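Report on the following structure.
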Protein chains: 2
Amino acid sequence: MHSLVEENYLKALFALSKDKGSVSVNDLSKHLNIKMPTVTNMMKKMAFKKLVHYESYKPLILTKKGKKEAALIIRKHRLTEMYLVEKMGFGWEEVHNIAEQIEHIKSPKLFAKMAELLDYPKFDPHGTPIPDINGEMEWKAYSKLSECKPGDMVKMAAVINTTDEFLKFLNRREIHLGLKIKIKSVEPFDNTMVVKYKNHLEETLSNTVCKRLLVERF
Amino acid sequence: MHSLVEENYLKALFALSKDKGSVSVNDLSKHLNIKMPTVTNMMKKMAFKKLVHYESYKPLILTKKGKKEAALIIRKHRLTEMYLVEKMGFGWEEVHNIAEQIEHIKSPKLFAKMAELLDYPKFDPHGTPIPDINGEMEWKAYSKLSECKPGDMVKMAAVINTTDEFLKFLNRREIHLGLKIKIKSVEPFDNTMVVKYKNHLEETLSNTVCKRLLVERF
DNA sequence: GTATTAAGTTAGTCTTAACTAACAAATTAG
DNA sequence: CTAATTTGTTAGTTAAGACTAACTTAATAC
Ligand SMILES: [Mn+2]
Ligand SMILES: [Mn+2]
Ligand SMILES: [Mn+2]
Ligand SMILES: [Mn+2]
């Protein structure tokens, strides 16, 4: 079994290698707020454990094993977030820090029970997919709200870059997953959008916000 | 804030000093499965933090602060056990190890929510009292089943020395908290009891078992 | 294509929390 | 009351995971 520290390195490697498939020591160091020499050392240790492919001066690549174990920790994180929101009544802005701790609990039974009580959820409270018990996960083909055109009718599907502040911002505007939104207009200068939803007849959203909202067209 | 390790020393000190009010380094060492020199060192560190009164060669005594912090960890442990049983459907024999981990989660909100959802429970699934938010707790004046006499009618109130094996033993005999038990006879030689409850018309319980069951007379 | 800058590694140090070996104090036995 | 045993302490070591300082390799700039 891995230490809590190793689990956090795994998660960071997994998150950062989303696009390129590999991560630099520097990026990992910045993401974890841990100095580069410490990261190098840990990578050697994790290479020995077959969690990561490591060669001096080369980018870091998770092994198949490393990828699966990372996904299983993320599964525990997201199941926990969903459980806290659905079964305990927490807001979607309150659950990340608690899940960050509970994801390290060693108890297959606990997470199996959460999954069962939630009826095997596919998404967490932020619309992010929950990896299955084998560590498999797939994103649906969502669009960013920022890429939509005036007249489009869309449904809120997921939030990316989910900080407390951003989620509270969305709360204040009553924007939540599943919400149907109509795009009224787009300011060509700065791509600010004017949208309409529920009883909000004219809400203005900056491009910064719109780039963080994933939607389904329909 | 204290480390997970310090929290476990606090709990052990609290548990072991139940009767005498103090603990020997030796007892603590055995209880935690940690060698005596390590314990001595940690006691000096915790004395510096005002969690324990430490003087060379003298018994260890928790400070008021130490006692309160220990009780608050135990509160988290027992709230968790109760939550797992009442809200998630775990058996009373399954929850201790999970609670042993969750008790270290740093999130006042999580435990406040558990308490709220459980309607501020006073006892855990084993009948043990849950300390309140100020670390205050009191045991009711229960008797051991082993101290009861033939003819007595009692109600199961709590289990002491709650190992998985013992709790599974009770499960097999359908013995649970709140159960009404009538003492039919006591074998004078070894204090074995013959008892009757629900549809169990004649169940024989060894003295070892009876000493671990706390009951209320009525 | 060399010089500068950025990224990565090596070597050595620190802290926490464990250990063993050796010694000292306290307790218990005779 | 002394001797043996148990309990507790001191000193020194170890492993994990962090750090800084110094050096090396790779990338970028001119
Ligand atoms: Mn999260
Ligand atoms: Mn999430
Ligand atoms: Mn317990
Ligand atoms: Mn309990």
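What you see is a predicted model, and the numbers here were worked out from it, not measured in a lab.
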For [N], take OP1 and OP2 only and decide whether either is under 4.0 Å from a side-chain N or O of [X].
X: S56(A); N: dG8(C); answer: no
X: Y54(B); N: dT9(D); answer: yes
X: S24(A); N: dA7(C); answer: no

Contact class for K44(B) (heavy atom, under 4.0 Å): base, sugar-phosphate, or nothing? sugar-phosphate
Atom [atom1] of [X] and atom [atom2] of [N]: how far apart are they, to the nearest Å?
X: K49(A); N: dA15(D); atom1: NZ; atom2: P; answer: 15 Å
X: E6(A); N: dA18(D); atom1: CD; atom2: P; answer: 10 Å
X: N26(A); N: dA26(D); atom1: CG; atom2: C1'; answer: 13 Å
X: K58(A); N: dG8(C); atom1: NZ; atom2: C1'; answer: 13 Å
X: M43(B); N: dT10(D); atom1: CE; atom2: P; answer: 14 Å
X: L4(B); N: dT15(C); atom1: CG; atom2: P; answer: 21 Å
X: D27(B); N: dT6(D); atom1: CG; atom2: C1'; answer: 12 Å
X: L32(A); N: dA18(D); atom1: CG; atom2: C1'; answer: 12 Å

Please figure out whether S3(A) or Y57(A) has its closest DNA chain D nucleotide nearer the 5' end. S3(A)
The complete set of salt bridge (charged side-chain N to carboxylate O under 4.0 Å, His left out) pairs with one or both residues in residues 86-96 of chain A, sequence neighbours excluded, reads E94(A)-K109(B)
May I ask you to decide if the ring planes of H126(A) and W92(A) are parallel, tilted or perpendicular, using 30° and 60° as cut-offs? parallel
Look at the aromatic rings of W139(B) and Y142(B) and report parallel, tilted or perpendicular, splitting at 30° and 60°. perpendicular
Examine distances only and state if a side-chain atom of N134(B) and a backbone atom of E136(B) form a donor-acceptor pair shorter than 3.5 Å. no
Are K106(A) and E7(A) within salt-bridge range, i.e. N to O under 4.0 Å? yes
Show the distances under 3.5 angstrom between N or O atoms of the protein and N or O atoms of nucleotides 19-23 of chain C.
unit_1	atom_1	unit_2	atom_2	d
dC19(C)	OP2	K35(B)	N	2.9
dC19(C)	OP2	T38(B)	OG1	3.2

Looking at R75(B), K11(B), K76(B), which one forms a salt bridge (charged side-chain N to carboxylate O under 4.0 Å, His left out) with E103(B)? K11(B)
Side chains of H104(B) and N8(B): donor-acceptor distance under 3.5 Å anywhere? yes
